[in-house]
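Let me begin by presenting the structure, written as structure tokens, before commenting on it.
Chain letters run A, B, ... following the sequence lines, proteins first and then strands; every chain starts at 1. What you see is a predicted model; the values in this text were computed from it and never measured.
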Amino acid sequence: MQQSNGYIIIFTVITTIIIGGALSFTSQVLGPAQKRSIELDTKSQILKAVMEIKEGDDVLGIYDQRIKSLVVDYNGNEITTNAKGAPIVAEEVNILKNYKKSAEDREYPVFMFMSESNPDEVESYILPIYGAGLWDKIWGFVALDKSLQSIQGVVFDHKGETPGLGARISDKEVQDRFKNKKIYDQGGSLVSVSMLKGEKGEPLGDHHVDGLSGATLTAKGVNDMLLRYLGSYQAYFKKINPDLVK
Amino acid sequence: MSTETLEQPVVKKETEALLSKRRKKIISDPLNDDNPITIQVLGICSALAVTVKMEPTLIMSIAVVFVIVFANLIISLIRNLIPTRVRIIVQLAVIASLVTLVSEVLKAYNYEMYKVLGAFVGLIITNCIVMGRLEAFAMGNKPYDSLLDGLGSGFGYAWIILAVAFARELFGSGSVFDFKVFEAIGWETFPKNGLMVDSIGAFMVLGVIIWIQRTKTGYVEH
């Protein structure tokens, strides 16, 4: 009886229903907790671009207190609703999905880190960046000071760069190299900051940081990502600080 | 009279001690003499991929032990209902559901580890150890024995990958569970070994473990 086709069909149908039901139940139960984890992760990454986050810090509290956010388009105009008329929240903009569109069609979130003493004064602008490393996608946030001239801090993350080589972009020591570097040259044109080939440990100029030995292609990915995204925010920068961008 | 004497051994079997000699062997065999990684050489891919540091390795071990124990138990409970022609699919469905469960729980309560382990938790589905135990043991044994067998195989896998991770993190990153061991004892200039961070390091450590183990047990492959 157990080998008959009828039995097999009934058995598989019942198994499928039980397993499917159990899994959708789990997904329903865990959904809110997962959403919170993702939110916490995004917000702590944003904050890490400008400050140190220790374990046990009230990330959500600090975020609510210090960060104001908005979304701009390629022309630097603030947008509040998407094409379908639904409201856009900067924290919920999916950078990956936007990365796949052409630069002109993307939504660009801006996270403003406000001064602790004066909640209306911007201390730094934190921008998401996204690109391709050697093996897979790389992403992060770059924080610019209020004059938009120099980098206050960066965070990078990656999906599959080589451990010990390209994966070092997520090390604090490598990210600290970007601090206080300038993104505009003397004439006011955007040159961004780039990693050099090789790792010499020597002090470098305003627009260069020491490279990653053995990970030239990952470094190149980082350079492209920074230049492209800083470029896409130029129109917005010009609106905040008309003297800045040529 | 004769029927009574015939029935007695059956009753005796029913009340076999919770941890009888036979059952202890079910647990202890996979820990050493029949270890899934070092003797059967199964589950090598994840042993290489997740053992750079101790913490993700520990989470991975817990995940595998959970999946293998419950998959063994569930399959053993329904072993007489499963039609033989679709048994592999049923086994896979049970494993995949348990793995999805683990992955979803990690995503909800330990997002950091979810990001680190990512695909590798999902790949427990294809871990030959789990399917191997279902097909070889749970399909033909009682639930409690299958549970013990799952525990044995799970811990057999766990202690090996934890040992590999210990060596790799210690020599590759100079730390254990992210605690900087060498800095703590005052050796700040400890030269980190980049090879240990790469998968090649795992092969070498695993090779050394197998070597030591086979020297001790005298196991030879035929």
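Counting heavy atoms of neighbouring residues, nucleotides and ligands inside a 6.0 Å radius, atom CZ of F177(B) exceeds 12 of them. At most 12 heavy atoms of other shown residues, nucleotides or ligands fall within 6.0 angstrom of atom NZ in K197(A). More than 12 heavy atoms of other shown residues, nucleotides or ligands fall within 6.0 angstrom of atom CD in E135(B). No more than 12 heavy atoms of other residues, nucleotides or ligands sit less than 6.0 Å from atom CE of M204(B). Heavy-atom contacts from other residues, nucleotides or ligands closer than 6.0 Å to CZ of F171(B) number 12 or fewer.
Among residues at least two apart or in separate chains, ring-ring contact (aromatic ring centres under 6.0 Å, His included) pairs with a member in residues 35-79 of chain B are F66(B)-F70(B).
Counting heavy atoms from C-beta outward, R85(B) and N5(A) have side chains that approach closer than 4.5 Å.
The CZ atom of F25(A) sits 11.0 Å away from the CG atom of L101(B) when rounded to the nearest 0.5 Å.
Closest approach of Y111(B) and S37(A) over heavy atoms only: CB-CB, 3.8 Å. Considering every non-hydrogen atom in both K107(B) and I38(A), the closest pair reads CE-CD1, 4.0 Å. Annotation for Y7(A) and L81(B): closest pair OH-O, 2.6 Å, computed over non-hydrogen atoms.
Chosen from L106(B), N110(B), T100(B), V90(B), the residue pairing most often with chain A at heavy-atom distances under 4.5 Å is V90(B). Between chain B and the options L23(A), T15(A), T26(A), I18(A), heavy-atom pairs under 4.5 Å are most frequent for L23(A).
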